Amino acid sequence: MPAAAQQAMNSISAEKIRATVKYLSDDSLQGRGTGQKGGDEAADWIAAQFKSYGLLPAGDHGTYFQNVGFYGVTTDPAQTQLAFVPKSGEPMHLKFLDDYVANDETHSEKSEIDAPLVYVGYGIHAPEYNWDDYKAVDVKGKVLLMLVNEPPSDDAKFFKGRALTYYGRWTYKYEEAARRGAVGVVLIHKTDMASYPWEVVRNSWGGESSMLKDDTAPKLKSAGWIQLDVARKLAKSAGMDLDQMLKDANSRSFKPVELPVTVKETLVSKVREFSSRNVVGKVMGSDSHLKSQAILYTAHYDHLGIHPNEPGDNIYNGATDNATGCGILLELARAFAGAKQKPKRTVLLAAVTAEEQGLLGSEYLGMHPPIPARNISLDLNFDDIQPFGEPEQLVASGSERTTAYPVVESVAQAFGMAIQPDDHPEAGHYYRSDHFSLARVGVPAFSLGEGPLFKGHDLAWGEEKERDYVAHRYHQPSDEYKPDMDFTADAKLAKVGLAIGWEIANQPQLAGWKPGDEFEKARKASEQSKSAL
Ligand SMILES: [Zn+2]
């Protein structure tokens, strides 16, 4: 490693990361909601830090900001109604938040649905796995009842075995249903299948939800979830058995089933137009030719904001998620900007908005990168880096799919860290953080995180800490700053990120996807767009 890189790395400070986390997760920033005052203040503050470190602006019109237009849609729980009306028997009236949640993706103030309900199993059409839940059944104008996740399998060639593919994500389910002209989707929430409890769904859907303004893909009038118990009752009212329905979905020969149930739904939403901002800065590369190319660092600064209708503490401070990633990003910014000699390629740093709304800020960044996507060698993302002390394992899931992997391996070794394979590939973390938005436009991208083994503790200790976080703080108002947090972890991850990025920034060739990877196609497409210019 060049002396300048070593020096830059040594300047990274755990206490500076602490100060960032403390500031960004303070109640005064109101949980940094997208389009809320606290979110805007966070963006201004991050830009001010970039400037103070000497970063150049990489946003619109010579600013540090990329303006992102949104519709903000809040479902009105008082006026919104959903009932399942069986052919015979009493209608089931559901209670918003307790029984179900729903968003109007068409951002209309009022949408009415009176439509048949069709159970479509997993709602997946995956030709490469010879899997089609729709079986050419016309679902236009219908509401689709479906499961999250994908058919279970240990066969690595079938939906990547235990690992979740994009087909298992709820975002895919909504996208596919809308492409087929369905008006609504009701996802059945089962904690083990979703890999997070109902509270996470409830809290994510309970507040305002944001949609990218320049998104022209087809959309659902009602994109929702129901509790497992509600689904059970619903099945019963239709004379069916939910457990059998769940089983049926695991078969390749599954066919959609129309239930003897009508969905009557009135979705009333408060709709506003607003903009939020990605904060982008850069440190120019030292090589006259390669400086037109870049490595990129990303971390989302938004969280779930404030939910004024909830009693008690209703500020979702987002200390771990993701003030920690911002603390790392800012230390990287400071370290690169302060380096006596710069890496060959330019270093781009982006604090993105609206991750919690479905990776929207990074999606916009991917569609409007300050340097063309084909010239971005690598994106390293930081999201949710637990301040638990000194980690001895590095998680870099997805890195093995890229040509950057040998660098990740050698850096991990230099830091005395073992590379920890994804503990929960079934949770599909790869598709749940901002690097995925860059991968979609072809940029080799992954997040850096820590495994559960920490210095001075056994594995069980770290696993218990992680479980405790997921159960008691993740996406809850209790994700707050605590003075006993130990940011050694975050500083170490920042250093690892700097070392990997510096090396990749100096390589003669841009990084790429390994042959046959699902994102290789996107990379090739972005390379070809060069000739169009
Ligand atoms: Zn996050």
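Nothing here was measured: the structure is a model prediction, and the numbers come from that model. For ligands, and for the atoms within them, numbers begin at 1 and follow the listed sequence.
Under the side-chain hydrogen bond (donor to acceptor under 3.5 Å, both in side chains) criterion, Lys190 pairs with Asp192, sequence neighbours left out. Under the side-chain hydrogen bond (donor to acceptor under 3.5 Å, both in side chains) criterion, Tyr167 pairs with Glu128, sequence neighbours left out.
Glu518 has a carboxylate O that lies under 4.0 Å from a charged side-chain N of Arg401, or vice versa, which qualifies the two as a salt bridge.
Backbone or side-chain N, O or S atoms of Asp383 reach the Zn ion (ligand 1) at under 2.8 Å. Backbone or side-chain N, O or S atoms of His303 do not reach the Zn ion (ligand 1) at under 2.8 Å. Inclusion of Glu355 in the first shell of the Zn ion (ligand 1) is not supported: no N, O or S atom falls under 2.8 Å.
The closest side-chain donor-acceptor pair between Tyr316 and Arg32, if any, does not fall under 3.5 angstrom.
The Zn ion (ligand 1) is closest to atom OD1 of Asp321 (considering only N, O or S atoms).
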